[in-house]
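Take a look at the structure below.
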2 protein chains.
Amino acid sequence: MTASTGPRKVRADARQNLDALLTAARTVFARSGVDAPAREIAAEAGVGVGTLYRHFPNRAELVAAVFTTEIDATAAAAAELLASHPPKDALDLWITRFTRFVATKQGLSAALRSGDPAYDALPALLTGTLGPALTALLDAAAAAGDIRNDVDPLELLQAVGDLSHRAPSPDGSPNPMVRLLLDGLRIR
Amino acid sequence: MTASTGPRKVRADARQNLDALLTAARTVFARSGVDAPAREIAAEAGVGVGTLYRHFPNRAELVAAVFTTEIDATAAAAAELLASHPPKDALDLWITRFTRFVATKQGLSAALRSGDPAYDALPALLTGTLGPALTALLDAAAAAGDIRNDVDPLELLQAVGDLSHRAPSPDGSPNPMVRLLLDGLRIR
DNA sequence: CACTATACGGAACAATGTTCCGCTTAAGCA
DNA sequence: TGCTTAAGCGGAACATTGTTCCGTATAGTG
């Protein structure tokens with residue numbers, strides 16, 4: 001028995017359109033990058049732009065909504081990796097995964113650092129859910145004496161994002177510059 | 001006696017307008033960032049947009065023209081630093097200088113990696129003149145056994161640019177993430 | 001089945017990069 | 001010095017985009 005608070009039920013067509021928009025956005029982002037025109041997404045969803053903006057106050061919110069699931073999964077992976085690998089390996093593996101996530105989303109990296117207020121929601125999403133995950137990894141590796149402990153997780157997260165625009169190499173090996181950055185972290 | 005090849009001399013007002021545009025662009029870029037509207041730059045120069053586009057085929061060319069001097073100076077600094085410092089120090093100092101240059105130009109870093117074809121001229125300018133400078137520094141430091149020698153200078157240049165968007169700290173100390181990257185380079 | 005709040009579509013608006021073109025004027029020449 | 005003419009100019013006009021607005025359609029509710 002749901003509370004009697006709701007004045008009305010959400011319209012069925014509204015829910016459908018919302019789903020259609022998310023699906024369309026996923027498709028279009030993959031095809032044309034995160035900067036794809038709103039009209040293109042609306043068209044792909046078979047919906048007017050007005051409907052798009054009714055469901056998402058602006059592009060950034062839509063982008064955020066589309067990637068939330070994947071970001072949450074990435075965050076969750078940190079704990080799993082930590083449970084099944086030595087701290088340093090867990091950190092490396094997780095960073096590689098994060099790198100691949102960013103590199104895979106055309107234009108995400110650029111959007112993240114664009115400074116364009118239209119994309120304000122993205123950094124918040126990333127730091128909010130990935131920040132704690134990375135912090136856990138860094139703490140564990142630092143406790144094991146593998147890496148220095150004077151690095152701000154959020155800064156590192158941002159930095160790795162900055163370096164992750166190149167398409168990932170087919171063999172799955174991480175971006176060489178990210179590797180360099182991680183080497184800088186290591187205590188030798 | 002100049003050659004008789006020139007069908008006509010460049011008009012005096014054209015040359016003046018070009019100077020005015022460069023000056024105006026420098027001013028506006030400093031005030032509003034590299035993404036400032038073309039109209040704003042034209043207005044600041046007291047000139048129509050048509051004139052702007054007559055002198056520069058697109059925004060990127062204008063941006064490139066404005067920064068060429070400074071970029072050339074930065075490239076030249078490499079040789080000087082190499083002559084007056086141990087290789088490793090020269091490298092550090094130069095990177096710091098480059099970092100400050102990028103960080104100082106609002107939006108330059110974003111423009112560089114935007115992938116927007118409108119800015120294609122910028123990476124070419126940077127890699128073209130700064131690439132050789134950095135190569136010389138890396139070669140010297142590698143020869144001295146200070147750093148690994150398996151790093152692509154252009155990739156490193158790009159990476160440092162990617163990490164240099166934050167405003168430089170007032171004390172002139174380099175970006176911590178750039179520092180980390182350089183630590184990764186070092187042979188310990 | 002009627003009523004109404006919700007949601008919709010898409011025209012309209014604003015900002016921006018870039019192109020076009022009729023008018024102006026500096027250079028070259030007599 | 002005055003003419004001719006091509007170089008150069010200004011800014012309106014066009015195309016693309018993000019976002020807002022509003023008259024119309026309709027799902028939920030009683």
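We name chains A, B, ... by the order of the sequence lines, and we start the count at 1 in each one.
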Practice item. Choose from C:dT18, D:dC9, D:dT29 the nucleotide whose nearest atom is closest to any side-chain atom of B:R59. Key: C:dT18
Review point. How close or far is atom C1' of C:dC21 from atom OH of B:Y53, stated in whole angstroms?
Key: 18 Å
Review point. Given C:dC8, D:dG10, D:dT19, which nucleotide is nearest the side-chain atoms of A:T51?
Key: C:dC8
**Study point:** Side chain of B:A12 (C-beta onward), nearest among D:dG11, C:dA7, C:dA26
**Key:** C:dA26
Practice item. Measure the distance from CD on B:E40 to C1' on C:dT18 and round it to the nearest whole Å. Key: 17 Å
Check your understanding: Which comes earlier along DNA chain D counting from the 5' end, the contact point of A:D13 or that of B:R11, where each point is its nearest nucleotide?
Key -> B:R11
Practice item. Return yes if some donor-acceptor pair links the side-chain N/O of B:D146 with the main-chain N/O of B:P87 below 3.5 Å, else return no. Key: no
Exercise for review: Take atom CG of B:N58 and atom C1' of C:dT19, then tell me their distance rounded to the nearest Å.
Suggested key: 13 Å
Practice item. Between A:A38 and A:R54, just flag the one whose closest nucleotide in DNA chain D comes earlier from the 5' side. Key: A:A38
Check your understanding: side chain to side chain contact (heavy atoms under 4.5 Å, CB included) with A:T99: which of A:V102, A:I95, A:T96?
Key -> A:I95
Exercise for review: State which of C:dG28, D:dG28, C:dA7 makes the closest approach to the side chain of B:R8.
Suggested key: C:dG28
**Study point:** Any A:N17 side-chain N or O less than 4.0 Å from OP1/OP2 of C:dC8
**Key:** yes
Review point. Considering only side-chain heavy atoms of B:H55, which listed nucleotide, D:dT19, C:dT18, D:dC9, is closest?
Key: D:dC9
Check your understanding: Is any NZ, NE, NH1 or NH2 atom of the basic residue among A:E70 and A:R26 found under 4.0 Å from an Asp or Glu carboxylate oxygen of the other?
Key -> no
Point to revise | Partners meeting salt bridge (charged side-chain N to carboxylate O under 4.0 Å, His left out) with A:D139 (sequence neighbours left out) | key: none
